[in-house]
Amino acid sequence: MEVETPAQPCRNVAQSAGTTRTLIRNPLLVVNFALMVVGSAGGPLFLRAYFLHGGARKWLSAFLQTAGFPLLLVPLCVSFFSRRRQRDRDDADADADAPANKAATRTPFFLMTPRLLAASAAIGLMTGVDDLLYAYGLAYLPVSTSSILISTQLAFTAAFALLLVRQRFTAFSVNAVALLTVGAAMLGMNAGGDRPAGVSRAQYGAGFAMTLGAAALYGLVLPVVELSQARHAARAGAGAVTYTLVIEMQLVIGLTATVFSAVGMLANNDLHAIPGEAREFDLGGSAGYYLLLAGSAATYQCFFLGTIGAVFFGSALLAGVVMTVLIPVTEVLAVMFFHEPFNGTKGVALALSLWGFVSYFYGEVQTSKAHRHHHQSADKTPNAEHLDP
């Protein structure tokens, strides 16, 4: 598994849209999109099932969203052995037989610099807080409502991308932000209309606010990831941003967020409550309980790895757009598995979110076409020096 593909950080979605055909031919990009589909569809369903069938630990739910980070050691080990074999072949070709030279060309297991490590740890803390907000929201909201609210992260991502990575706004992206905001406002006006049984109005309102907060915070996390990659690539002597480095970033992010949630679990006495909660779980008993926890950890790790990969190959906004377009999948699955009510207000809000996505993506495609046409016209314009008699 050789994944030393150089990155192009701070590339906006307009550029990504203009090179869609090239990107889709990249198997790693397709794999990351597939991981996002699995995580976006499966993660919320696992967590909601946990709360519906007897689970009540918010810190544990936050912990599960990043606890699958050790799975990343598998591709990192494969990449390490691949790089070491390549290094050995290069040394053999160069006939580097001096001990000093061999020591100097030793293959490192980790490629991260201390600055990128610190940045990834900071992003991990932000992710840990975001996971907790999301877990609180999903404990009190139907999956369909939570998913529509989470779709507003595209608006927050666009705003923070403008501030942090100078992402350009167009009339279409402004329209998309407005439509997503209106959709969230409609859900807010209908607050309580789809309140699950046993959830008070205050709990529903708190879950609504915390889910919006999770969307806003994750809208900040994505541009910060892109900015971290861009600064690493621009730093002299830091080395290229490769997909292996991206996986290392996600490993540190997951580890930090998991430690943050584990401290909360200890303070909340979750570890002592888990065995009793497992015995009383009404979806397969203890075996079903632990299988559900493992499934949650695995699917959310797919989501986070796929998302950071989308940022690597495209941009923060590309990742936000893909997350938004997956909303209908989660909506349909929630209605199928949990028989959640899907009223007219929720349908209109979903339509507005999809309209916002289409508006945003269409605008980026049009911007890409105009950009490409401008460069083609410039290439065809004769140089002024050749016009002189």
Side-chain angles (χ1 to χ4, degrees), residues 39-40 43-52 55-69 121-157 159-160 180-181 183-185 187-188 191 195-196 199-225 250 253-268 270 296-297 299-301 303-304 307-308 316 319-320 323-324 326-327 330 334 353:
S40 295
L45 297 180
F46 275 117
L47 273 193
R48 186 59 186 161
Y50 165 78
F51 288 115
L52 285 176
R57 319 306 296 186
K58 314 301 189 303
W59 280 105
L60 173 61
S61 301
F63 175 87
L64 292 174
Q65 294 176 54
T66 52
F69 73 91
I123 296 171
L125 289 176
M126 296 167 60
T127 302
V129 175
D130 181 76
D131 292 344
L132 182 62
L133 292 174
Y134 179 70
Y136 264 92
L138 202 56
Y140 303 127
L141 299 180
V143 173
S144 52
T145 302
S146 174
S147 297
I148 295 175
L149 290 176
I150 286 296
S151 72
T152 61
Q153 59 82 27
L154 180 59
F156 293 111
T157 300
F160 288 120
L180 291 169
T181 304
L187 287 177
R195 190 169 72 246
V199 176
S200 67
R201 185 172 295 274
Q203 289 175 327
Y204 187 94
F208 193 97
M210 289 185 178
T211 303
L212 274 180
L217 184 54
Y218 203 66
L220 173 62
V221 166
L222 293 179
V224 170
V225 169
Q250 182 54 42
I253 291 171
L255 172 62
T256 308
T258 303
V259 170
F260 172 83
S261 299
V263 172
M265 288 177 62
L266 290 173
N268 200 45
D270 281 6
S296 298
T299 52
Y300 271 110
Q301 194 55 55
F303 168 75
F304 283 117
T307 301
I308 200 171
M323 289 170 60
T324 302
L326 292 174
I327 291 173
T330 307
S353 67

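Because only heavy atoms are used, hydrogens play no part in the values below, and waters and symmetry mates are left out as well, while side chains stay in.
Closest non-hydrogen pair, L141 versus G207, comes out as CD1-O, 3.6 Å. Scanning both residues, S296 and L47, for their nearest heavy atoms gives OG-N, 4.2 Å. The shortest non-hydrogen separation linking Y140 to P196 is O-CD, 3.5 Å.
Residues that satisfy the side-chain contact (heavy atoms from CB on, under 4.5 Å) test with L52, not counting sequence neighbours, are R48, F338. The ring-ring contact (aromatic ring centres under 6.0 Å, His included) check on F260 picks up W59, with sequence neighbours excluded. In terms of the side-chain contact (heavy atoms from CB on, under 4.5 Å) criterion, residue partners of S147 (sequence neighbours excluded) are, by chain and number, V143, I327, T330, E331. Applying the side-chain hydrogen bond (donor to acceptor under 3.5 Å, both in side chains) test to S61 and every residue at least two apart in sequence or in another chain returns nothing. With sequence neighbours excluded, no residue satisfies side-chain hydrogen bond (donor to acceptor under 3.5 Å, both in side chains) with T307. Remark: Q153 pairs with T157 by the side-chain hydrogen bond (donor to acceptor under 3.5 Å, both in side chains) rule, at least two apart or across chains. For L255, the side-chain contact (heavy atoms from CB on, under 4.5 Å) test picks out F69, V259, with sequence neighbours left out. Applying the side-chain hydrogen bond (donor to acceptor under 3.5 Å, both in side chains) test to Y50 and every residue at least two apart in sequence or in another chain returns E277.
The distance from the NZ atom of K58 to the CG atom of L132 is 9.5 Å, given to the nearest 0.5 Å. Q250 contributes atom CD, which lies 9.5 Å from atom CD1 of I123 (distance to the nearest 0.5 angstrom). Considering CG of L266 and OG of S261, their distance stands at 11.0 Å, rounded to 0.5 Å. Summarising the geometry, atom CD belonging to Q65 is positioned 10.5 Å from atom CG belonging to L60; distances are rounded to the nearest 0.5 Å. Here CG of D131 is found 9.0 Å from CG of L217. Values are rounded to the nearest 0.5 Å.
Side-chain contact between I253 and I308 is present, with at least one heavy-atom pair separated by less than 4.5 Å. In this structure the side chain of Y218 never reaches within 4.5 angstrom of the side chain of I150, judged on heavy atoms. Here the side chains of V129 and L125 are not in contact, with every heavy-atom distance at 4.5 Å or above. T127 has its side chain within reach of F304: a pair of non-hydrogen atoms, C-beta onward, lies under 4.5 Å apart. With a 4.5 Å cut-off on side-chain heavy atoms, S146 and F208 do not count as touching.
A donor-acceptor pair is defined here as one N or O able to donate and one able to accept, closer than 3.5 Å; such a pair exists between the side chain of T258 and the backbone of T66. Judged by distance alone, the side chain of R57 and the main-chain N or O of M265 form no donor-acceptor pair under 3.5 Å.
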Go through the steps to decide whether T145 and T211 satisfy the test side-chain contact (heavy atoms from CB on, under 4.5 Å), and finish with yes or no. CA-CA 10 Å; T145 302; T211 303; over 6 Å; no
Could you walk me through whether F46 and L64 satisfy the side-chain contact (heavy atoms from CB on, under 4.5 Å) test, starting with their C-alpha distance in whole Å, then the side-chain angles of each, then the deciding distance to 0.1 Å, before giving a yes or no? CA-CA 10 Å; F46 275 117; L64 292 174; over 6 Å; no
